[in-house]
Amino acid sequence: MTAFKLGLLLLVMNFVHSELITNETAAREFANEVNAGSEVVMYNFVAASWNYNTNITTENQQAMVDESLKLALFDQAVEANASRYDWKNFSDTDLNRLFSKLVDIGTAAMTDKVKLERLNNIMSEMEAIYSTGKVCLTENNCLPLDPDLSRLMATSTDYDELLTVWKGWRDATGAKIKDLYKEFVSLSNEAIVQNGYPDTGAYWKSWYDTPTFEEDLKTLFETLKPLYVNLHAYTRKKLKERYGADKFPTSGHIPAHILGNMWAQTWGNLFDLLEPYPGKDDIDVTPQMVQQNYTAEKMFQVSDEFFKSLGLIEMPSEFWDHSMLKKPTDGRDVVCHASAWDFYNKKDFRVKQCTDITMEDLITVHHEMGHIEYYLQYKDQHVVYRDGANPGFHEAVGDVISLSVQTPTHLQKIGLLPEVTNDEEAEINFLMKMALQKIAFLPFGYLIDQWRWSVFSGETTPDNYNQKWWDLRCGLQGISPPEDRTEDDFDPGAKFHIPGNTPYIRYFVSFVIQFQFHKSLCQAAGQNVPLHQCDIYQSTAAGQKLSEMLKLGSSKPWPEAMMMIAGEDKMNAAALMEYFQPLTTWLIEQNDVYKLVFAESNP
Ligand SMILES: *[C@@H]1O[C@H](CO)[C@@H](O)[C@H](O)[C@H]1NC(C)=O
Ligand SMILES: *[C@@H]1O[C@H](CO)[C@@H](O)[C@H](O)[C@H]1NC(C)=O
Ligand SMILES: *[C@@H]1O[C@H](CO)[C@@H](O)[C@H](O)[C@H]1NC(C)=O
Ligand SMILES: *[C@@H]1O[C@H](CO)[C@@H](O)[C@H](O)[C@H]1NC(C)=O
Ligand SMILES: *[C@@H]1O[C@H](CO)[C@@H](O)[C@H](O)[C@H]1NC(C)=O
Ligand SMILES: [Zn+2]
């Protein structure tokens, strides 16, 4: 035995024998010190990560990986120090919660530094492959996802052109990521086991701290499924008229590439085709935005103004100075996928978005601004509490705001809709537009992590990656691959959050709870109108209610935060169903008229 190992053994024995520290005043002091140190280490990591994400080079990748290793070593030291306290027995429940987060360090628990570095390198490489992916329509015409391929998927009605783009994107990204992903899964699991979880999926689920989480999700999904099935049947009928029934499988599925979106995750771009009563108000305000010379900055100002009107915190000057609101034109490669950044120094908050001048992106702008508002509201919390009550809460904030922003009366208020008609037909048109955003998304939001959890747990192995993916896509979304797929393809890898390693069930949770929030904020605002007509603009009462919840960060269990804002402590699909009730009735009538029963669909 070497002297070093002997020393280590003695140290370990020393720990075993030493008493755990029970002094809670000392524990609080320790936590405060950690907070100060953590802000610095986090800032350095986030700044390096920002540099890489806004300028993809090997140099910037190395700098980011270096900082992530420093952060991991810091987290390990914190975990070791915190473990010397008898924190599970603390009488101060807040201190107990704080310590439980200090020792929960995720993949940073990996003690083998070489492996930890490899894990971080794989993650940045996958992100780089995805973010620099291009599809060549001809030899000299190679297009990136943003804005070109996204626009093509949104606007083209040429079946074969859409297929070329759909397939090209998957060849350019997913297929090239599969081997890295395999290695990533194995390393990530190895790290997370050292933090005391069976696998990475189990770790992600632990953030919701709900023993019945998966059952709860399933119940919500089953409750909402009829809304989706109705929308699916109606959409399929209209798409058959456009492309010809011979392009559709007899199983009732819809080919995955003709829904106006690279992943068929939202269908808003089909609104022209699906508009129930054509010729009403033009509630897609993209043409208005273009006509009025909207810029990316203007879109963010519009959003900032809404938050201010609620009495919430406005964007600080650092936000406007340092954000990347447009795709750079200097030839730099960047990660275009929109995201919001907290630098943990209480003043630097940024958005990175390759903003396109469309209504779809205006909604994304509000989504990202919602994250920033949350960061601003909880910035004085301990670093480990600067987080959503659960991850779904974080995704819901901006979306709640845009539920108001998108109402025709609000769009008129901000000059984007010249005329507003208040009749039943206009109302159905509006709800259809919203359903293509919110209902179409539900199975997609639900299935991504069904896939990933099963991959992390080992139930789905690399030789089944793509098969499992399509089982879920076909079974839950009712869409089918437009041509045969094999295990050489890796279609999950063509969606940002897989190579970007961002958990996804948060979006499903958000799409449910944002309607609970909306309903409650509408009541606070004294709006006595149907839920889908409510606009909380300029209601400081609603703002106050929202802000009280946001300020908590993750310092309280999420059911308490939920109680505060929604008056109930559970996720509940009722508000979402209420919002869409008129459309649900209309769709059932339509599908009956067209004899489109679910039996044909079976998505
Ligand atoms: C507990 O820790 C505080 C702060 O370090 C110290 O002032 C106090 O004397 C300690 N109390 C006991 C009983 O040791
Ligand atoms: C991008 O990063 C490289 C370092 O790899 C640096 O030399 C260059 O100046 C950066 N470009 C911009 C626009 O920041
Ligand atoms: C952990 O404790 C050691 C020994 O007391 C101290 O030197 C170190 O700064 C602490 N590190 C952190 C991150 O708390
Ligand atoms: C809590 O304290 C009791 C005695 O007060 C002790 O027996 C027990 O081991 C402590 N629990 C933990 C988890 O340290
Ligand atoms: C938009 O820009 C065009 C061309 O610069 C200009 O003619 C037009 O007046 C502008 N429209 C508005 C609403 O500012
Ligand atoms: Zn988000």
Side-chain angles (χ1 to χ4, degrees), residues 47-67 124 128 131-132 207 265-266 285-295 297-303 321-324 326-342 349-355 357 360-375 387-403 414-418 437-438 441 444-445 448-449 495-497 500-514 517 550:
S49 182
W50 172 269
N51 284 343
Y52 176 69
N53 275 259
T54 56
N55 182 10
I56 304 177
T57 67
T58 42
E59 217 176 325
N60 290 343
Q61 174 176 341
Q62 192 53 51
M64 175 177 75
V65 170
D66 289 349
E67 290 304 332
S124 29
S131 298
T132 57
W207 299 334
Q265 67 179 65
T266 54
V285 300
T286 300
Q288 272 294 330
M289 291 168 64
V290 172
Q291 200 190 322
Q292 295 181 26
N293 300 334
Y294 258 60
T295 58
E297 286 77 11
K298 167 81 177 168
M299 289 157 74
F300 281 86
Q301 282 158 6
V302 164
S303 180
D321 292 345
H322 301 306
S323 286
M324 186 197 98
K326 285 188 295 241
K327 186 172 183 171
T329 50
D330 57 9
R332 242 185 301 162
D333 278 318
V334 301
V335 177
C336 262
H337 191 93
S339 53
W341 297 61
D342 181 354
F349 308 92
R350 306 181 192 175
V351 163
K352 172 183 67 58
Q353 184 173 344
C354 298
T355 315
I357 312 301
E360 193 176 356
D361 269 26
L362 183 63
I363 295 157
T364 305
V365 164
H366 285 84
H367 177 89
E368 301 306 336
M369 291 291 257
H371 287 306
I372 304 280
E373 185 64 33
Y374 217 155
Y375 299 153
D387 220 336
N390 73 35
F393 277 61
H394 228 306
E395 300 305 333
V397 180
D399 282 18
V400 168
I401 301 302
S402 70
L403 286 178
I414 60 174
L416 284 176
L417 200 58
Q437 232 178 78
K438 302 295 182 186
F441 179 78
F444 187 80
I448 303 284
D449 282 352
K495 170 67 192 165
F496 173 79
H497 300 71
N501 197 35
T502 309
Y504 213 80
I505 199 64
R506 58 185 57 179
Y507 300 104
F508 178 78
V509 169
S510 160
F511 274 51
V512 173
I513 66 178
Q514 63 186 248
F517 295 1
L550 297 178

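Note that the structure is a prediction, hence the values are computed from the model and not measured. Side chains included, hydrogens not; waters and symmetry mates left out as well; all remaining heavy atoms used. When a ligand or atom number is given, it counts from 1 through the structure's own listing order.
The protein heavy atom nearest to atom 7 (O) of ligand 2 is Glu59 OE1, 4.9 Å. Looking at atom 11 (N) of ligand 2, its nearest protein heavy atom turns out to be Asn55 ND2, 2.9 Å. Closest protein heavy atom to atom 12 (C) of ligand 5: Asn293 ND2, 3.4 Å.
Near Arg332, meaning under 4.0 Å from one of its heavy atoms, ligand 2 places the atoms 13 (C).
An N or O contact shorter than 3.5 Å is missing between Gln292 and ligand 5 by distance. Backbone and side-chain nitrogen or oxygen atoms of Asn60 are examined, and one is located within less than 3.5 angstrom of a nitrogen or oxygen of ligand 2.
Distances under 2.8 Å from the Zn ion (ligand 6) pick out the protein N/O/S atoms His367 NE2, His371 NE2, Glu395 OE1.
Not less than 6.0 angstrom separates the ring centroid of Tyr374 from the ring centroid of Phe393.
In this structure, Ile414 CD1 and Leu362 CG are separated by 6.5 Å, a value rounded to the nearest 0.5 Å. Put simply, OG on Ser402 and CD on Gln514 are 7.0 Å apart, with the number rounded to the nearest 0.5 Å.
Under the 4.0 angstrom criterion, atom 9 (O) of ligand 2 counts as lacking any protein heavy-atom contact. Within a 4.0 Å radius of atom 5 (O) of ligand 2, the protein has at least one heavy atom.
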His371 vs His394, test: side-chain contact (heavy atoms from CB on, under 4.5 Å). Steps then yes/no. CA-CA 6 Å; His371 287 306; His394 228 306; 2.9 Å; yes
As a quick check of understanding, evaluate side-chain contact (heavy atoms from CB on, under 4.5 Å) for Gln288 and Leu417, giving each step before the final call. CA-CA 7 Å; Gln288 272 294 330; Leu417 200 58; over 6 Å; no
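Salt bridge status for Glu368 with Lys352: absent, with no side-chain N to carboxylate O gap under 4.0 Å.
At most 12 non-hydrogen atoms from other residues, nucleotides or ligands lie less than 6.0 angstrom from NZ of Lys298. Heavy atoms from other residues, nucleotides or ligands lying under 6.0 Å from CD of Gln265 number more than 12.
Proximity of a side-chain donor or acceptor of Asn60 to a complementary backbone N or O of Asn55 within less than 3.5 Å is detected.
Side chain to side chain, Glu297 and Gln301 fail the donor-acceptor criterion of an N or O pair below 3.5 Å.
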